[in-house]
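In the text below, chain A, chain B and the rest are named by the order of the sequence lines, each starting its count at 1.
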Protein chains: 2
Amino acid sequence: MDFADVSASERPYLPPAVAVSTVAFALNPPSGALVVEEGVRHDAAGETSATLWIPLVRRTRAPYLGRWALPGGPTRWDETLADTALRSIRAAAQCTPGYLEQLYAFGGVERSADAQRLVTIAYWAMLGEDDLSTAVPGGAEGGSTGASTAEQAGGRRWDDPRVDPPRADPPRAEIGAAIDESGRADANVAWCSADALPDLAFDHSAITDYALARLRSKTEYAAVAHRFLGPVFTIGQLRAVHEAVLGYAVDPANFRRQILARGALIDTGERETGSPHRPARLYRFSNEAAPEFPDARPQPRRPA
Amino acid sequence: MDFADVSASERPYLPPAVAVSTVAFALNPPSGALVVEEGVRHDAAGETSATLWIPLVRRTRAPYLGRWALPGGPTRWDETLADTALRSIRAAAQCTPGYLEQLYAFGGVERSADAQRLVTIAYWAMLGEDDLSTAVPGGAEGGSTGASTAEQAGGRRWDDPRVDPPRADPPRAEIGAAIDESGRADANVAWCSADALPDLAFDHSAITDYALARLRSKTEYAAVAHRFLGPVFTIGQLRAVHEAVLGYAVDPANFRRQILARGALIDTGERETGSPHRPARLYRFSNEAAPEFPDARPQPRRPA
DNA sequence: ACAATAGTGTCTCTAAGACAGTATACT
DNA sequence: AGTATACTGTCTTAGAGACACTATTGT
């Protein structure tokens with residue numbers, strides 16, 4: 001079932017195609033990755049500035065040929081929407097995100113100009129430092145470009161209400177942004193600071209803005225920031241993540257109290273070592289009581 | 001382009017179809033409407049209990065033949081997703097909602113069993129008392145079943161980032177829940193209390209739960225409740241809406257202060273008349289400063 | 001007069017923010 | 001000793017909730 005032989009003038013009358021686009025956030029680009037900043041391209045060096053990074057994919061066909069776009073592509077017949085999002089992230093960033101959430105469905109009739117009507121379901125994701133191969137958090141060492149698409153989705157829960165195991169071999173569709181599955185550091189994949197994105201293809205700039213707003217919003221009222229970190233972390237590290245995401249300084253004392261008052265952090269009893277100051281307690285995150293729906297908000301105080 | 005002649009065994013391999021389902025909330029069912037409560041069916045009478053009501057459509061084909069389902073159906077080639085939601089609401093409730101917002105995209109692979117893969121974008125909507133024909137707010141008068149699909153979408157903004165004017169006559173697709181466009185009180189349309197819904201077709205019960213959670217959530221942190229009312233209302237009426245939606249009593253004094261502190265209510269200078277007590281001020285709602293994205297939340301106080 | 005709701009005043013309590021002060025590691 | 005961060009204490013302030021009290025209509 002391929003629409004390639006349908007004449008261009010009939011394409012707008014076809015049933016809409018379904019594609020997924022993903023905004024994947026990381027605290028740092030993986031070491032050795034191609035970095036693009038507002039059109040100027042250079043290799044990753046220095047710059048441990050506290051911004052967020054997003055992997056982009058270069059368009060290899062019209063429309064928007066050569067422009068940067070969000071990773072994504074059409075859903076396969078045997079994939080959930082979340083699975084498609086995961087696959088596109090793995091293809092672009094060579095890792096599996098620690099968090100994935102649906103963002104919005106874009107279905108305007110004019111989104112892809114003359115091409116077939118396209119409905120895009122946007123997702124956003126968080127890539128932990130652990131997930132990104134073996135990147136050194138603060139450094140610029142041109143390390144190994146993490147091999148073997150690590151299948152590390154152990155026991156994680158995606159937001160899609162029902163998730164099915166994949167079935168047999170599917171046929172490939174040909175619509176929308178292509179997903180590169182070759183692995184390996186790809187010249188068509190670049191990492192870009194969320195603060196200085198170039199103009200993206202389609203409406204992907206708007207999607208990215210929306211995703212950034214959602215990430216900031218959830219960082220303020222929900223407990224998601226820890227997913228940028230490993231399984232064990234200090235409150236200071238967590239605070240640094242909040243500051244990077246929110247873009248402003250947070251009082252250490254008040255942050256500590258508020259984050260502990262939520263009751264989601266579990267003291268491991270161990271301490272950080274090797275720091276040039278008083279060692280901090282190490283905490284784990286308690287995954288109990290996940291919200292029923294991905295964008296549910298905490299219950300406000302309600303009068304009796 | 002019709003998939004009807006594709007054999008059933010090939011259907012799961014087709015590209016997914018795109019449909020829309022809508023959860024439309026109203027404070028009261030329209031007078032004269034068919035009311036269904038947990039399978040027991042009877043005409044609307046008395047019962048001005050403070051619950052929310054939702055229009056449902058009976059399935060007229062397999063799967064789930066005969067079960068109640070959310071209004072909806074496939075998107076036409078020339079419609080935005082929001083337009084499809086509007087059309088399905090107009091067909092089921094014979095009115096245009098005062099608010100419409102995208103809820104979630106459901107795309108699990110097994111949602112429609114053996115049928116073609118179906119991606120459903122769910123919307124939720126608020127139907128104002130004004131919108132529902134000429135229903136009497138508190139009463140059970142079997143009044144006129146409001147005629148003529150009133151086109152009253154004057155100057156309202158929908159959430160879809162880009163909205164286009166519809167084009168020419170589209171062909172009809174044949175997948176998913178049928179939309180009845182005959183108008184008139186339909187035996188296949190029933191109103192049901194959100195508290196006592198029967199088991200719905202597909203995953204529509206879960207969608208409804210999600211929509212209800214979102215409505216309650218937005219009622220608490222955003223200013224949406226006024227859309228259940230007319231253009232002018234008293235704070236007491238607005239409080240009654242909050243109580244109906246949230247399901248618990250709200251202190252009148254504190255509610256007044258909080259709602260006024262938001263700065264979105266404009267005193268018209270006029271007063272309510274005919275009430276057996278001190279007349280209340282009448283307010284309008286200020287539509288300025290609509291959020292950039294439909295589910296944006298108010299900015300919390302941020303330290304300098 | 002009475003009932004009923006509109007609207008105001010004010011007390012309490014919680015939580016956020018600001019910031020001073022103490023604790024404990026490494027150099 | 002000096003520095004840097006961890007952690008604790010506490011003052012101030014804003015806002016939520018509870019609730020008493022006054023205002024103004026119709027019956």
inquiry  = Students often mix this up, so state it plainly: with edges at 30° and 60°, are the rings of Phe285(B) and His226(B) parallel, tilted or perpendicular?
reply    = parallel
Whether Phe255(B) and His242(B) hold their rings parallel, tilted or perpendicular, with breakpoints at 30° and 60° = perpendicular
remark   = Residues in residues 255-272 of chain B with a heavy atom under 4.0 Å of DNA chain D, by number, are Arg257(B), Gln258(B)
key: DNA chain D contacts among residues 274-286 of chain B, heavy-atom distance under 4.0 Å   = Ser275(B), Pro276(B), His277(B), Arg278(B), Pro279(B)
Base of dA18(C) paired with side chain of Asn254(A) (donor-acceptor, under 3.5 Å) = yes
message = Less than 6.0 angstrom separating the ring centers of Tyr283(A) and Phe233(A), yes or no?
response = no
request  = Flag the pair Tyr99(A) / Trp124(A) as yes when their ring centroid distance falls below 6.0 Å, and as no otherwise.
outcome  = yes
In whole Å, what is the span from the [atom1] atom of [X] to the [atom2] atom of [N]?
X	N	atom1	atom2	answer
Ile235(B)	dA4(C)	CD1	P	22 Å
Asp251(B)	dG9(C)	CG	P	16 Å
Tyr248(B)	dA18(D)	OH	P	11 Å
Arg239(A)	dA16(C)	CZ	P	17 Å

message = Would you say Thr234(B) and Arg281(B) are linked by a side-chain donor-acceptor pair, where the criterion is simply a distance under 3.5 Å?
response = no
query = So, does Ser193(B) use its side chain to make a donor-acceptor pair with the main chain of Asp195(B) at under 3.5 Å?
reply = yes
query = Do NZ/NE/NH1/NH2 and the carboxylate oxygens of Arg239(A) and Glu243(A) come within less than 4.0 Å?
reply = yes
inquiry  = Within this structure, what is the CD1-CZ distance for the pair Ile266(A) and Arg284(A), rounded to the nearest 0.5 Å?
reply    = 4.5 Å
